Amino acid sequence: MADQVKISKRDRIAVWWRSTFIQGSWNYERMQNGGWAYSLIPVLKKLYKTKEDRASALKRHLEFFNCHPYLASPILGVTMALEEERANGAPVNDVAIQGVKVGMMGPLAGIGDPVFWFTVKPIIGAIAASLAMGGSILGPILYFVAWNVIRMAFMWYTQELGYKAGSKITEDMSGGLLQDVTKGASILGMFILGSLINRWVVVKFTPVVSSIKQQKGSYIDWGNLPNNMEGVKQALIQQADGRSLSMVKVTTLQDNLDQLIPGLAGLLLTFLCMYLLRKKVSPIWQILGLFAIGVFFHWIGLM
Amino acid sequence: MELNVIQIILVVLVSFLAGMEGILDEFHFHQPVIACTLIGLVTGQLMPCLILGGTLQMVALGWANIGAAVAPDVALASVASAIILVLGGQGTKGVSSAYAIAIPLAVAGLLLTILVRTISTGIVHIMDAAAKEGNFRKIEMWQYIAICLQGLRIAIPAAMILALGAGPVKSMLNAIPQVVQDGLSIGGGMVVAVGYAMVINMMASREVWPFFAIGFVLATIKSLTLIGLGAIGLALALIYLTLSKNGGSGNGDGGSTGDSNTGDPVGDIIDNY
């Protein structure tokens with residue numbers, strides 16, 4: 001055929017950029033449908049010239065759509081390929097296009113959530129947050145650059161993959177590679193979660209369990225030190241030898257818990273929250289409750 | 001602290017961006033570590049806002065919009081608490097009370113999100129009408145309007161707090177007794193657990209729990225940084241995937257004939273060196 005319309009790389013870049021705004025008109029009726037149609041407009045404009053064709057194409061793409069916003073990209077790629085074939089006379093009907101969209105969005109959202117929301121974001125976020133809490137401006141910069149480079153590269157690459165593979169991509173997706181990525185991501189994610197809980201869930205109990213008067217020689221005898229810089233030096237040397245600073249050894253409840261393993265109380269708290277979530281206790285109530293407990297326990301001197 | 005006109009405009013602009021991103025979830029301007037820092041940057045109070053952002057980010061690590069599940073709204077939480085921190089003028093000392101204010105704000109933001117998402121339902125019906133005429137321009141325009149509504153969702157409350165001014169905000173913060181302030185920051189240390197619990201509930205399976213245990217135990221070694229832990233975790237994931245595919249025996253690279261192609265690029269480089 002002489003009048004073949006092709007989607008150019010420029011069109012694909014336009015779609016890629018527009019798909020950034022796919023959630024813009026997210027609504028309770030058809031979710032991402034508005035953003036989806038908006039993203040495809042450069043391609044539809046190129047492929048269809050008459051008013052009737054354009055109207056039916058837009059109607060087709062304003063149907064229900066909801067996926068992970070980044071994983072919509074491979075679906076956009078496939079849909080572009082199908083629309084291109086259709087515009088050039090191939091027998092691709094509305095049902096086929098809708099079928100591809102619906103068939104891909106479920107499984108792909110299932111990949112996007114664990115990989116992006118539960119692995120990449122917590123890891124980058126935790127590193128950036130710990131830098132920022134220490135007062136380093138590198139925290140936010142690192143987050144912004146790392147997140148957007150990963151996201152944009154991912155969206156472009158998978159959109160191209162979708163476009164080139166056409167409808168065959170559905171088979172690719174159910175194949176090994178993406179399953180590996182998902183599983184690898186949840187392994188890494190769980191590992192990091194374990195360490196984050198240890199480091200960042202802070203539960204500290206202050207009650208004193210025991211205070212024992214120690215033997216002479218195991219603490220620094222402040223009274224018998226020379227009364228000048230020499231005394232400071234000796235005190236530091238003695239401390240380095242492992243002598244404690246005061247005569248009385250104070251053991252708090254926290255010290256006892258830390259002897260089992262540091263962070264145990266935080267771990268137990270996390271398990272409690274998981275239990276409550278499964279019992280459908282809203283996270284908001286849990287958060288507010290924990291603040292209330294913090295204030296109350298501090299007031300009675302437990303924390 | 002009083003802000004001048006340019007600062008106020010910039011703060012509202014940052015709020016608008018954060019509001020847009022709260023729904024788009026792409027550039028992540030709404031993430032506390034970025035949103036709070038930007039507010040700090042334009043108001044000249046970088047350090048306290050940066051620390052507030054980091055603290056809030058820790059809490060929000062596990063918050064995500066999944067399907068119909070609703071997560072607390074980080075955009076309003078970070079923008080509004082940062083503005084309150086700046087207006088309060090307590091500097092770094094004000095971080096813990098600003099942080100406690102952020103949580104109820106996150107809930108309020110959630111309600112606003114629901115409101116705007118409902119309005120958007122009306123917008124897509126206008127888009128339907130435009131589609132019948134094959135009118136691309138009109139659909140684009142309404143898409144932009146919908147995004148702007150999400151921006152205003154945060155920009156308007158931010159402007160309202162700014163209009164309220166430093167005085168009331170400051171006296172409100174000073175009215176909080178010390179024991180409550182300290183208690184709130186203790187609570188803040190525990191609240192992080194809720195976010196992690198949400199993530200674990202989504203991701204956990206019998207297969208991956210051992211990795212959780214390894215991570216937890218390794219983290220007790222204080223000299224291991226998060227980046228170091230990340231490297232260990234990545235290595236473990238790769239090892240596990242390879243082993244589970246090969247059934248634990250030999251290299252499953254099968255069929256690789258010819259030279260030293262063992263599927264190990266680093267090894268190959270060393271061999272050929």
Side-chain angles (χ1 to χ4, degrees), chain A residues 20 23-29 34 38 41 51 54-55 58-59 62 69 113-114 117-118 122 125 127-129 132-133 139-140 143-144 147 180 184 186-195 197-203 262 269-270 273-274 277 283-284 286-287 290-291 294-295 298-299 303, chain B residues 23-26 28 33-34 37 47 50-51 53-55 57-58 61 64 66 103 107 117 120-121 123-124 127-128 131-132 134 136 139 143 146-147 179-180 182-184 186-187 189-194 196-197 199-201 203 208 211-212 215-216 219-220 226 229-230 233-234 237 240-241:
Chain A
T20 304
Q23 304 216 87
S25 52
W26 202 102
N27 61 89
Y28 284 112
E29 193 184 291
Y38 167 80
I41 280 178
K51 193 186 155 194
R54 287 185 166 186
L58 280 174
K59 192 168 166 285
L62 277 170
D113 290 338
W117 294 159
F118 298 145
I127 294 172
M133 284 158 87
Y143 186 101
F144 187 73
W147 181 263
D180 280 0
S186 42
I187 289 173
L188 178 58
M190 285 297 274
F191 177 89
I192 290 292
L193 276 169
S195 39
I197 286 166
N198 191 309
R199 291 271 166 98
W200 293 106
V201 180
V202 187
V203 185
L269 178 65
T270 312
C273 293
M274 285 171 59
L277 284 170
I284 308 280
Q286 295 187 31
I287 289 171
L290 282 173
F291 273 115
V295 173
H298 181 62
W299 183 58
M303 279 177 156
Chain B
I23 187 75
L24 294 178
D25 238 336
E26 303 273 349
H28 278 200
V33 74
I34 293 175
T37 307
M47 203 39 77
L50 179 64
I51 295 170
T55 318
Q57 187 73 49
M58 270 296 168
L61 281 184
I66 306 131
I103 304 300
V107 183
R117 287 181 176 197
S120 291
T121 309
I123 289 183
V124 294
M127 285 184 178
D128 284 341
K132 281 202 189 98
F136 289 136
I139 288 183
Q143 177 77 6
I147 296 173
V179 68
V180 175
D182 292 344
L184 286 176
I186 292 170
M190 300 191 289
V191 158
V192 188
V194 180
Y196 296 145
V199 182
I200 295 174
N201 269 345
M203 220 160 43
V208 295
F211 297 98
F212 178 86
F216 185 81
T220 58
L226 274 177
L229 285 165
L234 190 64
Y240 183 83
L241 286 177

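Numbers restart at 1 for each chain; the letters A, B, ... are given by sequence-line order, proteins then strands. Fair warning: this is a prediction, and the values are worked out from it, not measured in the lab.
Here the shortest heavy-atom pairing between L62(A) and D128(B) reads CD1-OD1, 3.5 Å. Annotation for C273(A) and V194(B): closest pair SG-CG2, 3.9 Å, computed over non-hydrogen atoms. Smallest separation of non-hydrogen atoms from T270(A) and A197(B): O-CB, 3.8 Å. The two residues Q57(B) and G125(A) come nearest to each other via the heavy atoms CG-O, 3.8 Å. Shown here for L188(A) and G233(B), the closest heavy-atom pair between the two residues is CD1-C, 3.4 Å. Of all heavy-atom pairs spanning S25(A) and Q143(B), the tightest one is OG-OE1, 2.9 Å.
Heavy-atom pairs under 4.5 Å with chain A were tallied for G187(B), A237(B), G53(B), A219(B); the largest tally goes to A219(B). Ranked by heavy-atom pairs under 4.5 Å with chain A, the first of N201(B), I200(B), T220(B) is N201(B). Put simply, of S186(A), P69(A), S195(A), the one with the most heavy-atom pairs under 4.5 Å next to chain B is S195(A). Put simply, of L24(B), V180(B), I51(B), the one with the most heavy-atom pairs under 4.5 Å next to chain A is L24(B). Listed options K51(A), M133(A), K59(A) were ranked by heavy-atom pairs under 4.5 angstrom with chain B; first place goes to M133(A). Listed options L290(A), N198(A), L58(A), V202(A) were ranked by heavy-atom pairs under 4.5 angstrom with chain B; first place goes to N198(A). Note on M190(B), H28(B), M47(B), K132(B): by heavy-atom pairs under 4.5 Å with chain A, the leading option is H28(B). Considering only heavy-atom pairs separated by less than 4.5 Å from chain B, the leading option among P122(A), G294(A), P140(A) is P140(A).
Between atom CZ of residue F211(B) and atom CD1 of residue I187(A) there is a gap of 4.0 Å, rounded to the nearest 0.5 Å. Note that the CD1 atom of I147(B) and the CH2 atom of W26(A) stand 15.5 Å from one another [nearest 0.5 Å].
Using a 4.5 Å cut-off between heavy atoms, L241(B) touches chain A through its side chain atoms alone. Using a 4.5 Å cut-off between heavy atoms, F136(B) touches chain A through backbone and side chain atoms alike. Contact of L193(A) with chain B is made through backbone and side chain together, with heavy-atom distances under 4.5 Å. Looking at T37(B), the atoms closer than 4.5 Å to chain A (heavy atoms on both sides) all sit in the side chain, from C-beta outward.
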Inset, instruction - Assess whether side chain to side chain contact (heavy atoms under 4.5 Å, CB included) is satisfied between F191(A) and L229(B), documenting all intermediate values. - result: CA-CA 8 Å; F191(A) 177 89; L229(B) 285 165; 4.3 Å; yes
Inset, instruction - For the pair F144(A) and V33(B), evaluate side chain to side chain contact (heavy atoms under 4.5 Å, CB included) and give the outcome as yes or no after the intermediate values. - result: CA-CA 9 Å; F144(A) 187 73; V33(B) 74; over 6 Å; no
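Between the side chain of W147(A) and the backbone N or O of E26(B), at least one donor-acceptor pair lies under 3.5 Å. At least one donor-acceptor pair under 3.5 Å links the side chain of Q23(A) to the backbone N or O of I23(B).
With sequence neighbours left out, the side chain to side chain contact (heavy atoms under 4.5 Å, CB included) criterion links I186(B) to H298(A), M303(A). Scored by the ring-ring contact (aromatic ring centres under 6.0 Å, His included) test, F291(A) finds no partners at all (sequence neighbours excluded).
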